[in-house]
Amino acid sequence: MIEVAEKREIGTITNEVRVEFGAVSENESFARMAVAAFITPLNPTLEELADVKTAVSEAVTNAIIHGYENRGDRNDKILMDCVLRGDVLEIEISDRGVGIEDVSAAMQPLYTSKPELERSGMGFAFMEAFTDNLEVRSEPGCGTNVRMCKKIGMSPWIGSEE
Amino acid sequence: MEDFKVINNYLMIRLPDEIDHHKSVDISSKADRYIMSGRVENVVFDFERTSFMDSSGIGIILGRYKKVSCFGGKVYAVNADSRIRRILLMSGLENMVEIMDAKKAYGEVEK
Ligand SMILES: Nc1ncnc2c1ncn2[C@@H]1O[C@H](COP(=O)(O)OP(=O)(O)OP(=O)(O)O)[C@@H](O)[C@H]1O
Ligand SMILES: [Mg+2]
């Protein structure tokens, strides 16, 4: 008889972490490592790990450079919420910075408001390419919220338990 | 840490393990000191030790390309793994940066 090794109700939260950190560039690598550690139990492939780290790095860097205008003040906070629903990772990265006037224009590849800082306008394009779903909500003067989802790991082989 | 070396008129930049915004500011400003000194014409980015790069890396490369290309200089990428190549191509850098085999590039530089 074939049995499904694991059966989870879709949509049930199986784990979650919330991290708040100062909007300084040192914390870009911290955020990547924190998410990588969070998904380690799911046995992600090296490619999935790199995808998630890139997407997180882009969103956090945007919060620091654009949201908080590169002030480098650790009192400006970035909130990172990670939720697992079975093998689906949801990451939400929020800042209370300047916000975005026109979100769909900002999301166009190669669009950047900071060419003088050598930004290339590829951040949202990478977030979109390396995750399964990307949603951006923003309010000028209030802040920006970036939500990304990605399925991690291959589905378990049926009946492959030792 | 990244390191810099000038061979003939090529600036060789060995990039660090992770290239992000935090690291990029320093790499760009150091590279520009060499470029402004007038001793270099071309730039070679060596990714041998690099396992992570985000869009900040694209900014470093594009910024140096703009500085050297107006004097006829070229920009090369060597030892780029498949992921870094993909990121370079997604950003449309294929017309600005020559992705090269390391042996060939170093042979060229030391001529
Ligand atoms: N958290 C944010 N707060 C305010 N503005 C933002 C935020 N994130 C993105 N933006 C706006 O959206 C634009 C596009 O972002 P994107 O990450 O695609 O490119 P970039 O950051 O300009 O360049 P790159 O990511 O390639 O270095 C930014 O230039 C900025 O104007
Ligand atoms: Mg960006």
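The chains referred to below are lettered A, B, ... by the order of the sequence lines, with proteins before strands, and numbering in each begins at 1.
When heavy atoms are compared at a cutoff of 4.5 Å, A/T61 approaches chain B solely by way of its side chain, counted from C-beta outward. Contacts of B/S28 with chain A are made by side-chain atoms alone, with heavy-atom separations under 4.5 Å and no backbone atom involved. Heavy-atom distances place no part of A/N62 under 4.5 Å from chain B, backbone and side chain included. Neither the backbone nor the side chain of A/L117 comes within contact range of chain B, judged by heavy atoms closer than 4.5 Å. Using a 4.5 Å cut-off between heavy atoms, A/S29 touches chain B through backbone and side chain atoms alike.
Residues B/F45 and B/Y76 place their aromatic rings such that the two centres sit no closer than 6.0 Å.
Distance alone, capped at 3.5 Å, is enough to place a donor-acceptor pair between the B/S24 side chain and the B/H21 backbone. A distance-only check finds no donor-acceptor pair linking the side chain of B/T50 to the backbone of B/D17 [under 3.5 Å]. Between the side chain of B/N8 and the backbone N or O of B/V109 there is at least one donor-acceptor pair closer than 3.5 Å. For the pair A/T14 (side chain) and A/G86 (backbone), a donor-acceptor distance under 3.5 Å is present. In this structure, the side chain of A/S138 engages the main chain of A/G143 through a donor-acceptor pair within 3.5 Å.
Each of B/V44, B/N42, B/D46, B/V78 was evaluated against B/M12; a single residue qualifies, B/V44, per the side chain to side chain contact (heavy atoms under 4.5 Å, CB included) test.
Counting heavy-atom pairs under 4.5 Å between each of B/I87, B/D20, B/I60 and chain A puts B/D20 at the top. Heavy-atom pairs under 4.5 Å with chain A were tallied for B/K23, B/M53, B/K66, B/R86; the largest tally goes to B/R86. Across A/L110, A/D51, A/V60, the residue that shares the most heavy-atom pairs under 4.5 angstrom with chain B is A/D51. The most heavy-atom pairs under 4.5 Å with chain B, out of A/E58, A/M122, A/R32, come from A/R32.
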